[in-house]
There are 2 protein chains.
Amino acid sequence: MGAQTVKLGHVEPLPPLFRRIADELRAKIRSGELAPNAQLPTQAELMRQYDVSDGVIKAVMRTLASEGLIQARRGAGTFVKARPTRQRLPRSWWRPARGGSPFLQDMAAHGMHGSWAFDSETVQASPEIRDRLGLDEPDSELPDVMRTAYTFMADDEPVQLATSYEPWALTKGEPIAYPEAGPHAGQGVVERMAVIGITVTHWSEVVSARPASTVEAQALKIGAGALVLTIERTYFAETRPVETADIAIPVDRYEIVYGAPVREASGE
Amino acid sequence: MGAQTVKLGHVEPLPPLFRRIADELRAKIRSGELAPNAQLPTQAELMRQYDVSDGVIKAVMRTLASEGLIQARRGAGTFVKARPTRQRLPRSWWRPARGGSPFLQDMAAHGMHGSWAFDSETVQASPEIRDRLGLDEPDSELPDVMRTAYTFMADDEPVQLATSYEPWALTKGEPIAYPEAGPHAGQGVVERMAVIGITVTHWSEVVSARPASTVEAQALKIGAGALVLTIERTYFAETRPVETADIAIPVDRYEIVYGAPVREASGE
DNA sequence: TCGAATTTGTGCGTATGTATC
DNA sequence: GGATACATACGCACAAATTCG
């Protein structure tokens with residue numbers, strides 16, 4: 001049963017020059033003819049080889065760079081990006097109800113050393129965050145969420161940016177009001193909520209991707225416009241959202257892994 | 001006395017022109033001053049407004065387009081992209097051991113009509129696929145995997161490309177050898193494997209993102225180079241991989257959702 | 001239906017800035 | 001400092017798609 005190709009009555013026009021050249025170079029990279037870390041011919045050299053103007057070659061370079069295949073270093077040259085078996089950031093289906101920071105657990109399970117920096121303050125939530133947390137319109141200027149910005153590091157390399165939001169109405173005056181201060185600092189949302197009698201029952205993560213913003217690129221030490229995976233994570237106690245977070249992960253160095261068991265049907 | 005050069009600490013250089021202009025336009029879009037579906041000034045107009053050359057404006061447009069904020073239509077103009085509340089593709093933690101195609105179930109659960117096209121053939125696996133399936137080097141020219149290429153549609157719009165690989169050694173001669181033929185056509189991997197006595201115990205999905213290839217862009221009806229989320233899915237029977245698939249999903253129209261319960265610690 | 005005007009896409013050539021070797 | 005190499009910017013020409021009288 002081979003592939004079926006149906007030719008309709010119209011001719012595909014040739015792709016533009018820069019795309020055809022990009023295709024050629026991409027093939028050479030994938031085939032290994034251009035090995036990882038090898039230097040590509042200089043742009044001037046490529047202009048001669050293909051007999052095109054510099055604009056075309058630059059478009060080719062932009063294309064391949066946006067695919068993460070090459071990296072240009074000003075003054076040095078353009079190099080095939082080594083694909084050093086991207087680190088995997090496990091996001092376990094299994095989120096234990098006790099046991100400390102999920103991030104540290106995941107890191108430890110994979111032999112990495114995790115650490116983080118943070119910054120907490122109470123603010124008024126944006127409409128989107130209000131929606132995700134199921135909050136009403138604020139009727140005053142008072143803050144309605146605790147916002148905490150995290151930078152997570154694995155082996156001293158930044159791997160995640162996260163901004164977490166918790167309804168201030170839930171945690172105000174509680175010992176866990178500041179996620180990273182007090183006796184329960186550094187623990188996960190599940191554990192901290194348990195302290196104030198809230199049982200987190202499930203979580204949801206919405207995964208997407210986009211180019212990094214300027215600030216994200218700086219914080220993650222990646223090039224401007226490099227891709228990041230984005231995760232909107234929300235923890236629920238039954239139907240009520242109790243925490244939500246925006247997470248950004250650079251896609252060229254890390255990939256994320258989900259997994260779960262397959263089970264016979266049962267009540268839940 | 002000769003001229004003295006005094007270094008006053010370190011001055012951040014201004015971002016390049018095209019980036020500053022892109023920042024300005026991005027802000028106008030986010031603030032709503034440029035509403036969704038509104039037409040941007042033409043490139044010629046922008047050249048006058050900012051008093052820059054056409055190359056700069058084109059770079060600005062490329063930048064914003066790559067961020068998914070605008071979309072240019074040749075001959076017509078450039079428009080702010082409406083963000084039509086992206087459809088969510090649920091990827092349930094819960095994969096029932098019985099019940100037919102997971103894709104159809106997910107679609108039905110969200111009130112969409114799912115359908116798909118496919119093409120199966122036996123081939124020799126690439127080294128990467130061999131690695132994911134735990135297969136040995138082939139010692140002949142004989143095929144070692146069944147490859148099936150799928151195009152999944154939701155409400156007649158392509159939403160996923162998937163290429164599935166199953167070890168031929170497992171399924172050769174079995175009634176489920178061809179995933180989409182015979183009495184068990186259209187069922188999920190879990191169910192089909194059960195037919196030949198293999199119990200799928202868990203799954204793993206590695207999520208990443210990259211620009212779409214030319215063929216992917218055509219199949220998904222998206223622009224060349226638009227972003228796709230990629231998933232490497234593998235089903236396991238205990239420790240043995242029994243199926244793996246490469247999945248591509250356009251990021252501008254769909255986002256994927258994972259979720260699971262939080263539970264007290266127990267054996268598994 | 002047709003053609004002209006408009007608008008974006010591709011390509012060419014040149015000049016200058018800046019980082020690296 | 002000099003040579004090399006990529007990044008940014010200017011300006012022009014033409015192609016391709018759309019719009020509109």
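The model shown is predicted, which means the values in this text are computed figures rather than measured ones. Chain A is the first sequence line, chain B the second, and so forth, proteins listed ahead of strands; every chain is numbered from 1.
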What's the [atom1]-[atom2] distance between [X] and [N], to the nearest Å?
X     : N      : atom1 : atom2 : answer
A:L46 : D:dA5  : CG    : P     : 11 Å
A:I57 : C:dG13 : CD1   : C1'   : 14 Å
A:L17 : D:dA16 : CG    : P     : 14 Å
A:Q71 : D:dC6  : CD    : P     : 13 Å
B:R48 : D:dG11 : CZ    : P     : 14 Å
A:I70 : D:dA5  : CD1   : P     : 16 Å
A:I21 : C:dT10 : CD1   : C1'   : 12 Å
B:F79 : C:dT7  : CZ    : P     : 10 Å

Nucleotide nearest [X] (side chain, heavy atoms from C-beta), chosen from [options]:
X     : options                : value
B:A76 : C:dT20, D:dA9, D:dT19  : D:dT19
B:S53 : C:dG9, D:dC10, D:dA5   : D:dC10
B:R74 : C:dG11, C:dT10, D:dA16 : D:dA16
B:P16 : C:dG11, C:dT8, D:dA9   : D:dA9
B:R73 : C:dT20, D:dC10, D:dT18 : D:dT18

Looking at [X], does any N or O in its side chain come under 4.0 Å of the phosphate oxygens OP1/OP2 on [N]?
X     : N     : result
B:T78 : C:dT7 : no
B:R62 : C:dG9 : no
A:Q43 : D:dA7 : yes
A:T42 : D:dT4 : no

Let's test your reading of the model: under 3.5 Å, does the base of D:dC10 pair with the side chain of B:D54 as donor and acceptor?
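Looking at the base of D:dC10, it does not pair with any donor or acceptor on the side chain of B:D54 (distance under 3.5 Å).
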Using heavy atoms to find the nearest nucleotide of DNA chain C for A:K58 and A:F18 separately, return the residue whose nucleotide is more 5′.
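Taking each residue's closest nucleotide, the earlier one in sequence belongs to A:F18.
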Flag for B:Y150-B:E180: side-chain donor and acceptor within less than 3.5 Å
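Judged by distance alone, the side chains do pair up.
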One thing to verify: whether B:E67 and A:R210 come together as a salt bridge, which I'm taking to mean a side-chain N less than 4.0 angstrom from a carboxylate O.
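Here A:R210 does not pair with B:E67 in a salt bridge, since their nearest N and O are not under 4.0 Å apart.
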Describe the nucleic acid contact of A:G77 in one word from base, sugar-phosphate, nothing, applying a heavy-atom distance below 4.0 Å.
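A:G77: backbone/sugar contact only, no base atoms under 4.0 Å.
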Residue pair B:R26 / B:I29, side-chain heavy-atom distance below 4.5 Å:
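Heavy-atom side-chain distance check fails, nothing below 4.5 Å.
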Validation row: B:I256, B:I231 side chains within 4.5 angstrom (heavy atoms)
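Side-chain contact under 4.5 Å: yes.
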Go through A:R132 and A:E128 one step at a time and tell me if the salt bridge (charged side-chain N to carboxylate O under 4.0 Å, His left out) criterion holds.
CA-CA 6 Å; A:R132 275 157 57 181; A:E128 196 210 325; 3.0 Å; yes
